[in-house]
Amino acid sequence: MSERHRGVFLFQAFVLFLFAFYLFAFHTGDTSLWDADEPNNAQALKEMMVYHNLVVPVFNAGLRPDKPILNYWLMWAGVRLLGLNSWGLRIGSVAMGALLVLYLALALRRLYGEQTALLTGLLAATALHSQIIFRAAVPDPLLILFVTIALISYLRGYLYPQEERRDALVAYGAMALATLAKGPIGFLLPGLIIVIFLLLRRDLPSLWRRGHLAWGVPLFLLLTLPWYLAVGIETHWVWDRLFIDQQNIDRYAVAMQGHRGPTFYYLFTIALALLPWTIFLPQTFAELWQRRDALMQKAPADAFMLVWAIAWVTFFSLGATKLPNYVWEAYPPLFSLIAARLYAALSQTRPLDRRGVLLSLGTLLLVGVALAILGGWLAPQQLPPLGSVAYLGLPYIAAALLALAFAWRGLLLPVISSLGAGAVTLTACLVLLAMPTLNTLKPSVIMGRMIRASEGTRPYAIATWQWFEPSFLFYAGRGAMHNHPLKNLQELPHIVADGQGTAYLALPTRDIPALRARLPGILRAREIYSGYELYSREHIALLRVQSSLLEQSAP
């Protein structure tokens, strides 16, 4: 490749990176945190900063063994840059998403060629689930990025021995960072994928014959052990034990927090998550099936991507707890395979079946119609204050109709462009139209602002009754202040006393009459807010509870 040609490619990859960063950052900080993961993470970071301890994750004055440390450090960097707000907490995830797109474009160039690599990055940037995961203050973007780097780096080193040592070191380092982001899954599942691939290639001895383990494992341990040992020593190994038992073994064996689903759960979520590019999966898999006998030996990159996607999805399909985010790490290989298939069709190497393309676009049209119908009929029923969101189906409808017109004339590139434009338009509809309305249906934010405006620097306590969302603690609490979840109303005088005469109590509005009837005589409660909540789908109220003794002593 000439220097000029290489420069053009690098410029295109950089433009793609800027596009992805802008798309993920578009109005990302304008909405408050979404329950429950984002405010859990944010409150934990806030308490860690108050305690000047960025080693031990805590929440509501107790250990938080849910996730390792790397995401807290990423959020801390964002907060230092942009403040303790939605922008600061989420900007790290935005950056991880844009870096993923850039890495795919750069790392796949040698494996698949420049155009396929750039197209893979474009698919990753515009897929529906990307607009959710890379806008959230959660550890998943870190895991996605580092698992992708680990597996693609391993594949590059395996296929190109002259780069083997460097890429193997990158792979082990990336697995270490993935382990610091999400735990053992960061190395166990990538390792399993590599082993399955080598077994199918009948080349498992290469794993130790090439010396990967001899210097890869020490590097992995050097990066991961310091923090895991530090948090273990500081908590007398309680954090480590709870993390392994509760958040890994129990979460896989038992459906936690109601997150369950059938074995085929992820087939449904992947079909939605990869929109609008899902429509090309049937043609992609059909073509791979035709080459199945020679795939492992003649197209090892395709085989590796297929093993990666299938193994990741199968592993989590067998687990009890199911969430759409769990299989995002299987999307990069799917994007790569779809992009390779599309470029083969664009270059006329392996044209797509015209009838299949028309059928796929017709399916996307039906998806858009279904979104419009559900948004106009079901959304107002389930969330009356939200109203109709039928407009969310229009981008896919318009994109499908335009793409159908191009497909009928046999023009594939305009088809791809139309779908990409539809994906970006849907993001704009979500961010500019739906999110602002949804943001008003989160009373925690409003209650927090009211409390801070009312109390200023004066002391107070916060408590909840028959309701709790972590965002209430984040927005209503000050510093490392913790929430008091009431088990009975006899605890309330003590909480008011802790707040030096003032406490704020959040509870379902329907419970206010019963609470007033049982309120200890020494206390006075005044309702200062009531609003409909998105999560519980009922009205939540905020009471200002004060001691009558405080009122009597007031001048």
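FYI, side chains are in, hydrogens and waters are out, and symmetry mates aren't considered; it's all heavy atoms of this structure. For clarity, every value in this text was computed on a predicted model and none was experimentally measured.
There is a side-chain donor-acceptor pair under 3.5 Å between Asn439 and Ser32. Of the N and O atoms on the side chains of Arg350 and Tyr343, not one donor lies less than 3.5 Å from an acceptor on the other residue. In this model, a donor atom of one side chain and an acceptor atom of the other lie less than 3.5 Å apart for Gln382 and Arg537. Side-chain contact of Tyr103 with Ser153: a donor-acceptor pair under 3.5 Å is present, judged by distance alone. In this structure, a donor-acceptor pair under 3.5 Å is absent between the side chains of Thr28 and Arg90. A side-chain donor-acceptor contact under 3.5 Å links Asp302 and Tyr112. Side-chain atoms of Ser360 and Gln283 include a donor-acceptor pair closer than 3.5 Å.
Side chain of Thr126 to main chain of Ala423: no donor-acceptor pair is present (N/O by atom type, distance under 3.5 Å, no hydrogens or angles). Of the possible donor and acceptor atoms, one in the side chain of Gln131 sits under 3.5 Å from a partner among the backbone N and O of Ala125. Of the possible polar contacts, one joining the Ser206 side chain to the Asp203 backbone as a donor-acceptor pair under 3.5 Å is found. Ser418 places a side-chain N or O within donor-acceptor distance of the main-chain N or O of Pro414, the cut-off being under 3.5 Å. Although no hydrogens or angles enter the test, the distance criterion places a donor-acceptor pair under 3.5 Å between the side chain of Tyr391 and the main chain of Ala434. Formation of a donor-acceptor pair under 3.5 Å by the Thr321 side chain with backbone atoms of Val254 is found in this model. Checked by atom type and distance alone, the side chain of Trp289 never pairs as donor or acceptor with a backbone atom of Thr284 at under 3.5 Å. A distance-only check finds no donor-acceptor pair linking the side chain of Tyr266 to the backbone of Thr314 [under 3.5 Å]. Using modelled atom types, no side-chain atom of Lys322 and backbone atom of Tyr265 make a donor-acceptor pair closer than 3.5 Å. Side chain of Asn71 to main chain of Ala181: no donor-acceptor pair is present (N/O by atom type, distance under 3.5 Å, no hydrogens or angles).
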Problem set entry | Check against side-chain contact (heavy atoms from CB on, under 4.5 Å), Thr425 and Leu394 | CA-CA 9 Å; Thr425 304; Leu394 298 181; over 6 Å; no
Problem set entry | Stepwise side-chain contact (heavy atoms from CB on, under 4.5 Å) check, Leu128 with Tyr396 | CA-CA 11 Å; Leu128 179 59; Tyr396 284 161; 4.1 Å; yes
For this session: Mind running side-chain contact (heavy atoms from CB on, under 4.5 Å) on Leu18 and Phe14 for me, showing each step along the way?
Result: CA-CA 6 Å; Leu18 293 179; Phe14 183 67; 3.5 Å; yes
Exercise. side-chain contact (heavy atoms from CB on, under 4.5 Å) between Leu364 and Leu419: does it pass, once the steps are laid out?
Worked result: CA-CA 10 Å; Leu364 181 64; Leu419 297 181; 3.4 Å; yes
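The two residues Leu102 and Ala13 have their closest heavy-atom pair at CD1-O, 3.6 Å. Across all their heavy atoms, Arg354 and Ala407 have their closest contact at NE-O, 3.7 Å. Here the shortest heavy-atom pairing between Leu274 and Thr278 reads C-OG1, 3.1 Å. Of all heavy-atom pairs spanning Trp308 and Glu329, the tightest one is NE1-O, 3.0 Å. Closest non-hydrogen pair, Leu108 versus Met305, comes out as CD2-CE, 3.9 Å. In this structure, Leu89 and Met75 approach most closely via the heavy-atom pair O-CG, 3.6 Å.
Here Leu189 contributes atom CG and Leu143 contributes atom CG; the two are 9.5 Å apart, rounded to the nearest 0.5 Å. Rounding to the nearest 0.5 Å gives a distance of 11.0 Å between CG of Leu337 and CG of Leu123. Rounded to the nearest 0.5 angstrom, Leu342 CG and Thr120 OG1 are separated by 9.0 Å. To the nearest 0.5 Å, atom CG of residue Asp30 and atom CH2 of residue Trp87 are 5.5 Å apart. Atoms OG and CG, from Ser417 and Leu122 in turn, are 8.5 Å apart once rounded to the nearest 0.5 Å. The CG atom of Leu100 lies 11.5 Å from the CG atom of Leu142; values are rounded to the nearest 0.5 Å.
Atom CZ of Arg292 has more than 12 heavy atoms from other residues, nucleotides or ligands within 6.0 Å.
At least one side-chain heavy atom of Tyr331 sits under 4.5 Å from a side-chain heavy atom of His129. At a threshold of 4.5 Å between non-hydrogen side-chain atoms, the residues Leu99 and Phe17 count as touching.
Under the 6.0 Å cut-off for aromatic ring centres, Phe315 and Trp312 do not qualify, their centroids lying 6.0 Å or more apart.
Remark: Arg110 is positioned above the aromatic ring of Tyr160, its terminal NZ or CZ atom under 6.0 angstrom from the ring centre and at most 45 degrees off the axis. The side-chain tip of Arg135 does not point at the ring of Trp34 from less than 6.0 angstrom away and within 45° of straight on.
Of the options Arg6, Arg109, His5, a side-chain hydrogen bond (donor to acceptor under 3.5 Å, both in side chains) to Glu114 is made by His5 and by none of the others.
Sequence neighbours left out, the pairs with a member in residues 177-200 that pass ring-ring contact (aromatic ring centres under 6.0 Å, His included) are Tyr158-Phe197, Phe187-Phe220, Phe197-Phe304.
Between Arg156 and Glu163 there is a salt bridge, since a side-chain N of the basic residue sits under 4.0 Å from a carboxylate O of the acidic one. In this structure, Glu287 pairs ionically with Arg291, as a charged nitrogen and a carboxylate oxygen lie closer than 4.0 Å.
Ring geometry for Trp328 versus Phe134: interplanar angle over 60°, hence perpendicular rather than tilted (30 to 60°).
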